[in-house]
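The sequence lines fix the lettering, A, B, ..., with proteins before strands; numbering per chain opens at 1. Any value given below was found using the heavy atoms of this structure, including those in side chains, with hydrogens, waters and symmetry copies removed.
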Amino acid sequence: MSQLRALHFVVAGRVQGVGFRPFVYRLAQRFDLHGWVQNQLGQVEIHVEGSLRNLAGFATALIDEAPPLSQPDLRAQMQTDLAGMTGFTIRPSVGNVPADIHVPPDYFTCDECLSELFEPYDRRYRYPFINCTQCGPRYTLINALPYDRAATSMREFNLCPACRAEYENPLDRRFHAEPVACPQCGPQLLFQNDRLRLSGESALVAAVAALRAGQIVAVKGVGGYHLLCDAKSDVVVARLRARKVRPHKPLAVMFPDLMSAQQAVEMTDTEAEFLSSPLRPILLLQQKTNNGLATEVAPGLVEVGIMLPYSPLHHVLLADFDAPLVVTSANICGEPVLTDNTEAETRLAGVADVFLHHDRKIVRPADDPVFRMSAGVPRPLRLGRGCAPLELNLPFTLETPVLAVGGHTKNTIALAWDRRVVISPHIGDLGSLRSMVVFEQVIADLQKLYNVTASRVVCDAHSSYASSRWARASGLKVSSVFHHHAHASALVGEYQELHDWLVFTWDGVGYGEDGAMWGGEALLGKPGSWERVASMRPFHLPGGDVAGREPWRAAAAMSWEIGMDSPALPTDGDLVHTAWQRRINTQQTSAVGRLFDAAAALTGLVTHASYEGQGPMWLEAASTGNACAVIDLPLSLDEHGIWRSDWAPLVKMLLDTTLSVSQRADLFHTSLAHALLAQVRAVQEKHAVRCIGLAGGVFQNHRLTEMVVNLLTAAGLQVKLARQVPVNDGGISFGQIIEMGSRHD
Amino acid sequence: MTDAYITLAHGNGGRYMRELIERVFARHLGNPLLDVNVDAARLPWDAGELMFTTDGFTVQPLEFPGGDIGSLAVHGTVNDLAVSGATPRYLSLNAFIEEGLPLAQLDRIIASLARAAKAAGVVVVAGDTKVVRRGEGGGLYLATAGIGVRTPGVTLGMQTIQAGDVILVSGPVGDHGIAVMLAREQFGLKGELASDSACVLPLTQALLGLPGLRFMRDPTRGGLATVACEISHATGLQVNLQQSAIPVRDPVSAVCEMLGYDPYYLACEGRVVAVVAESDAAVALDAWRKLPDGKDAAQIGYLQPGRVEVVLHTPLGGTRILDELEDDPLPRIC
Ligand SMILES: [Fe+3]
Ligand SMILES: [Mg+2]
Ligand SMILES: [Zn+2]
Ligand SMILES: [Zn+2]
């Protein structure tokens, strides 16, 4: 018999709410070790005694075999004195030590729960709230940390004896699975239409019947309500669009399984794997022809956002319906998704025929995360359920906690302290009552959950963003960051090298250092000290915010700027010409996003957008990516020493009707990519550039992004794109933190 | 006076000035109480409380569809008294005239001022003119001060507003702001767009007897939205406005859409925003709708405990917070 030794471990990282302690318990049993494991608010402390060989096996398995959802970070492993322990215990949590807190996001349904869900003899057969330590909701139902059932919206449900036994058994998969529930003791579904009220299994059956009958069903999911309907019926999808007054904005589609999805969209193995990963994102993929989906699902586009079932409710619904369903967030005009039963019924009256509620409260909303492949990597367009709050490390240490309130559209907020930062899920477009309520709730909640109180706030330099107004009224010390500095810093903040960047911040409009509306800027330097070295020829854009929704205005303004008559003005358009001449509600801009708008309008694709980004998206969809000629955009230095690419030659090309719309779209994308390379070359003549970054909403366009990446790579340059933080305004809050924290270095 | 234009001599206290006052101001504004030869006016007064207000006018252009700086100088001051629950009686008038202003134009403006005063039942009892050098004034600036008699028993003010009260507007909003802007920038539009400049006294008097009347305001600079913000801040209540209920004339909303302006922030010069107890809302609306300037009056919103903010409820079921006016609005959609 070998000699006994004792080891002590400290494990940090994501080890809460993911079954880590039961895992340690089982491991100790397996290696015949004695001792204890204890949760000390975020960190797990382990004491084990046994043979040297068993201790070594334990130490390896502790990290290698950790539960899939955990992300253990071994902080210490040391020899310690033998205490002569017998047996192994899970000691009660110590909750008052402020430490390394991690708020888990909402997880998909794990394979084990899934097989129980469809096992007729299981007591949770078809129970839509099945979960375990390896799966189920977290962020959307936690009221406070430490993560205990009493601090979640599950506190209203008393465990039945069977569930309690699982909950208290360290060897059970549901040991301390806080949302554990079963049909006897847990949340119930509730079906509601103008005639009927049903609960439980009959609610589920009635909802599926409604979907089969072509009705629109509002379903309360994990992070909010969705609107569901038959994705194959043109009539039904058109009805949904008419009722939501949403003529074109693409709708996401949920498929019953990977195989049915593969029949409808083009998918590589990498994409299939990502789609089926625990994140269960919405992924934009190219539609196959005649795939059966209603054309109304994504009009004007080639791609469609698809996802696989993630919650048990979705698994059961999709299994019963056995065909793709439109699953779109139930919200009003860019507001955060609805979460409350009564509010949903009030505000979706006239949209939904049927409601499928449940009685578990959603504490805070989380939309589905949206990703798009670009240059071979899935990149987030929207953070949400499954990936938010997104926890990252900072490249510096903060002395005092900082809150960043983000931009105005696609808002997220970020909270940073020490060397950590967390980014909230997508909140929505600010300026509505509900978005401001959720915005404030998330600000309060993140501070409460992470036990961090911000003493400063950082906002956009645009003083009338709702987030900036909030910051000024907060009573905290306020700093502001220029919009495109934040875009650039958000990208750099994901990487460790912080110097000698040249970041192209191509975007819609944002308030710039010179008071003009930026959006086509090349910024040289590093977070905290950006210098604008290149941009686009500026033009005057009339109409303020309306210009962002009416691409014809950018088209007209660019035509007027180069002395041409504008083609095809709408009624009263000459009024806008006068306003443009007199500079009434007309701002100077260099935004590439507006060049895309103009191109969409000049080619006749989109003159009035019904959703943000429609013009650029339709233009991208019209492009083929085929090799084509390049139109040279003359590059010259302006009076401030900034290189400016002149878009004027593009206007004439875009109006050339001897070319097809696709040819013009190809020429436009290709020429802009080459203009970017030309700017890099011009800047390099005088400055050392180590890394080229691509940031801002324009680089959601993967046609353009891939052209740029290929061009720059072929030219021997290093190119970087965001992988974790949205390249659009969802990344502004993170960029504000990076920018602000770098100013003190 | 043979010269067609104002010269510095018109302000030197000599003959030119006397002739200017006699032939323009006194001719149009003359009344038994106005004595251009004394330093102060003697005014008869009956019992009761006085209300006193003052306002300056710098509008460009001086004449615009639906009015001019003269009528505006009367309406602006008279309306401030009217919405405070007073009956306007006397005005003073200060004119700052820029060298080079055509005399004929000055004459038209002062004639218009006199007509507006007469219609509003007020007399100009004191005045002063100054001439400023060319380039130092916008042709003509006017300032008026007004005295009115307070209607006994009527206490109006934002402090009387309660949750549950409703908000009324006496007619379409935004006309003045759009008409003046288009005239100033020479958009070359004609016809339908004109200022709403008018005396609101009939409108305010129609409500003064209502026990549930809390507060009235003429939404001038900053428009309806600004008045709503002030109400919210002063009361600590949430102001809810129903977009579909707020009257905006079609040509006004068409121009606003084209220029990217929000009509709720544009000035009115002949409208009243009133806050009344819900129980009096129907009676108040009825009273207004019987008046020629109140036929489009509408109930547009209500107050409730909630956020200290103005929430516009859109026809699609969305909401938009109407913020306090910033500098010049810059686009926020990225
Ligand atoms: Fe942006
Ligand atoms: Mg006034
Ligand atoms: Zn599970
Ligand atoms: Zn149970």
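Here the shortest heavy-atom pairing between A:P570 and B:M258 reads CG-CE, 4.3 Å. Here the closest heavy-atom approach between residue B:E257 and residue A:V546 is recorded as O-CG1, 4.2 Å.
Within the 4.5 Å cutoff, the side chain of A:Q581 has no heavy atoms near those of the B:E185 side chain. Looking at A:L575 and B:V255, their side chains come closer than 4.5 Å, going by heavy atoms from C-beta outward. Put simply, the side chain of B:R320 does not reach to within 4.5 Å of the side chain of A:L433, judged on heavy atoms. A heavy-atom distance below 4.5 Å is not found between the side chains of B:M181 and A:R582. Counting heavy atoms from C-beta outward, B:L316 and A:K244 have side chains that stay 4.5 Å or more apart.
Within 6.0 Å of atom OH in B:Y5, 12 or fewer heavy atoms from other residues, nucleotides or ligands are found, so the atom counts as exposed in its surroundings. Heavy-atom contacts from other residues, nucleotides or ligands closer than 6.0 Å to CD of B:Q304 number more than 12. Around the CZ atom of A:R472, the shell of radius 6.0 Å holds more than 12 heavy atoms that belong to other residues, nucleotides or ligands. Within 6.0 Å of atom CZ in B:R133, 12 or fewer heavy atoms from other residues, nucleotides or ligands are found, so the atom counts as exposed in its surroundings.
In this structure, CG on A:D429 lies 8.0 Å from CD1 on B:I333, to the nearest 0.5 angstrom. Rounding to the nearest 0.5 angstrom, the gap separating the CG atom in A:N585 from the CG atom in B:L259 is 7.5 Å. Note: B:L330 CG to A:H462 NE2 = 4.5 Å, rounded to the nearest 0.5 Å. Atom OG of A:S464 sits about 9.5 Å away from atom CG of B:L325, to the nearest 0.5 Å. Interatomic distance, CZ of B:F187 versus NE2 of A:H577, reported as 11.0 Å (0.5 Å rounding).
For the options A:G407, A:A579, A:G431, heavy-atom pairs under 4.5 Å to chain B are most numerous at A:G431. Interface remark: of the candidates A:D574, A:V509, A:T346, A:V509 forms the most heavy-atom pairs closer than 4.5 Å to chain B. Each of A:G544, A:G548, A:A591 has some count of heavy-atom pairs under 4.5 Å with chain B, and the biggest count is that of A:G544. Note: A:I584 leads A:T409, A:D507, A:I584, A:V245 in heavy-atom pairs under 4.5 Å with chain B. Ranked by heavy-atom pairs under 4.5 Å with chain B, the first of A:T571, A:D545, A:V437, A:N331 is A:D545. The candidate from A:C333, A:G593, A:S463 with the greatest count of non-hydrogen atom pairs under 4.5 Å with chain B is A:S463.
Only the backbone of A:R434 comes within contact range of chain B, with at least one heavy atom under 4.5 Å from a heavy atom of that chain. Both the backbone and the side chain of A:D572 come within less than 4.5 Å of a heavy atom of chain B. Neither the backbone nor the side chain of A:T586 comes within contact range of chain B, judged by heavy atoms closer than 4.5 Å.
Ion pair B:E309/A:R469 not flagged as a salt bridge, since none of the NZ, NE, NH1 or NH2 atoms sits closer than 4.0 Å to an Asp/Glu carboxylate oxygen.
A donor-acceptor pair under 3.5 Å is absent between the side-chain atoms of A:H408 and the main chain of B:P331, judged by distance alone. Formation of a donor-acceptor pair under 3.5 Å by the B:R332 side chain with backbone atoms of A:Y465 is not found in this model.
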